[in-house]
Amino acid sequence: QVQLVESGGGLVQAGGSLRLSCAASGRTFNRYAMGWFRQAPGKEREFVAAISWSGGSTYYADSVKGRFTISRDNAKNTVYLQMNSLEPEDTAVYYCAAGPRSSSWADQYGSWGQGTQVTVSS
């Protein structure tokens with residue numbers, strides 16, 4: 001398994017942008033697909049985006065498609081989530097996760113970060 005640490009969260013006004021980063025430890029990062037999930041207060045954790053181990057395939061939840069972009073830099077052991085046109089409904093704790101294949105299902109990922117808070121004010 002890999003150890004994951006998210007950063008880049010914060011408070012932003014609606015319409016603004018943030019870029020989340022997830023740094024992974026270990027030399028096998030490029031063998032893992034990566035995903036971003038989020039959990040708002042009182043709600044279940046939901047899928048946001050995923051990227052294949054090579055970065056060649058990406059997947060998005062309908063709610064963020066066209067606004068968020070997932071990418072990765074295997075040389076830096078880091079995956080990113082660029083979030084544009086943020087809405088108050090995007091407020092949540094954002095988690096990155098590593099797994100054997102890209103999936104929108106949380107149980108397909110075996111390693112999780114501690115999360116980073118994103119708050120979007122109206």
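Given the structure is predicted, the values throughout are model-derived calculations rather than measurements. Residues take their numbers from the sequence shown, with the count starting at 1.
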Decide yes or no for Asn84 and Phe68: does some side-chain heavy atom of the first lie under 4.5 Å from some side-chain heavy atom of the second?
-> no
Can you tell me if CD on Gln114 sees more than 12 non-hydrogen neighbours from other groups inside 6.0 Å?
-> yes
By side-chain hydrogen bond (donor to acceptor under 3.5 Å, both in side chains), which residues pair with Gln108, not counting sequence neighbours?
-> none
Any pair counted as disulfide bond (SG atoms under 2.5 Å apart), so long as it reaches residues 50-92, sequence neighbours left out = none
Do the non-hydrogen side-chain atoms of Leu4 and Glu6 ever get within less than 4.5 Å of each other?
-> no
Contacts of Asp107 that satisfy side-chain hydrogen bond (donor to acceptor under 3.5 Å, both in side chains) - sequence neighbours left out | none
Residues that Asp73 engages under side chain to side chain contact (heavy atoms under 4.5 Å, CB included), provided they are two or more places apart | Ala75, Lys76, Tyr80
With sequence neighbours left out, write down each residue that passes side-chain hydrogen bond (donor to acceptor under 3.5 Å, both in side chains) with Lys65, or none if nothing qualifies.
-> Asp62
With sequence neighbours left out, which residue pairs that include part of residues 49-79 fulfil the disulfide bond (SG atoms under 2.5 Å apart) condition?
-> none
Could you list all the disulfide bond (SG atoms under 2.5 Å apart) pairs where at least one residue sits in residues 41-122, not counting sequence neighbours?
-> Cys22-Cys96
Using the test side chain to side chain contact (heavy atoms under 4.5 Å, CB included), find all partners of Ser7 that sit at least two apart in sequence or belong to another chain.
-> Ser21
Sorted by chain and residue number, the side chain to side chain contact (heavy atoms under 4.5 Å, CB included) partners of Thr91 (sequence neighbours excluded) come out as Gln117, Thr119, Val120
Would you give the length of the straight line joining atom CG of Leu18 to atom CG of Leu81, rounded to the nearest 0.5 angstrom?
-> 9.5 Å
Can you tell me how far OH of Tyr94 sits from CH2 of Trp36, rounded to the nearest 0.5 angstrom?
-> 10.0 Å
Look at the side-chain heavy atoms of Ile, Leu, Val, Met, Phe, Trp and Tyr, link any pair under 4.5 Å apart, and say whether Val64 and Tyr59 land in one connected group.
-> no
Which pair of heavy atoms, one from Ala14 and one from Ser122, lies closest together, and at what distance?
-> CB-CA, 4.4 Å
Could you list the donor-acceptor pairs under 3.5 angstrom formed by side chains in residues 46-53, with sequence neighbours left out?
unit_1	atom_1	unit_2	atom_2	d
Glu46	OE2	Arg38	NE	2.6
Glu46	OE2	Arg38	NH2	3.1
Ser52	OG	Gly55	N	3.4
Ser52	OG	Gly56	N	3.2
Ser52	OG	Ser57	N	3.1

Can you name the side chain to side chain contact (heavy atoms under 4.5 Å, CB included) partners of Ala106, sequence neighbours left out?
-> Phe37, Trp112
If you measure from CE on Met83 to CG on Asp90, what distance do you get to the nearest 0.5 Å?
-> 7.5 Å
Closest heavy-atom pair and its distance - Tyr60, Ile70 | OH-N, 2.9 Å
Do Arg45 side-chain atoms and Gln39 backbone N/O form a donor-acceptor pair below 3.5 Å?
-> no
Residue pair Thr116 / Leu20, side-chain heavy-atom distance below 4.5 Å | yes
Rounded to the nearest 0.5 Å, the CE atom of Met34 sits from the OG1 atom of Thr58 at a distance of 14.5 Å
Only counting residues at least two apart or in another chain, list the ones meeting side-chain hydrogen bond (donor to acceptor under 3.5 Å, both in side chains) with Gln3.
-> none
Cation-pi check, Arg101 onto Tyr109 ring (under 6.0 Å, within 45° of axis) | no
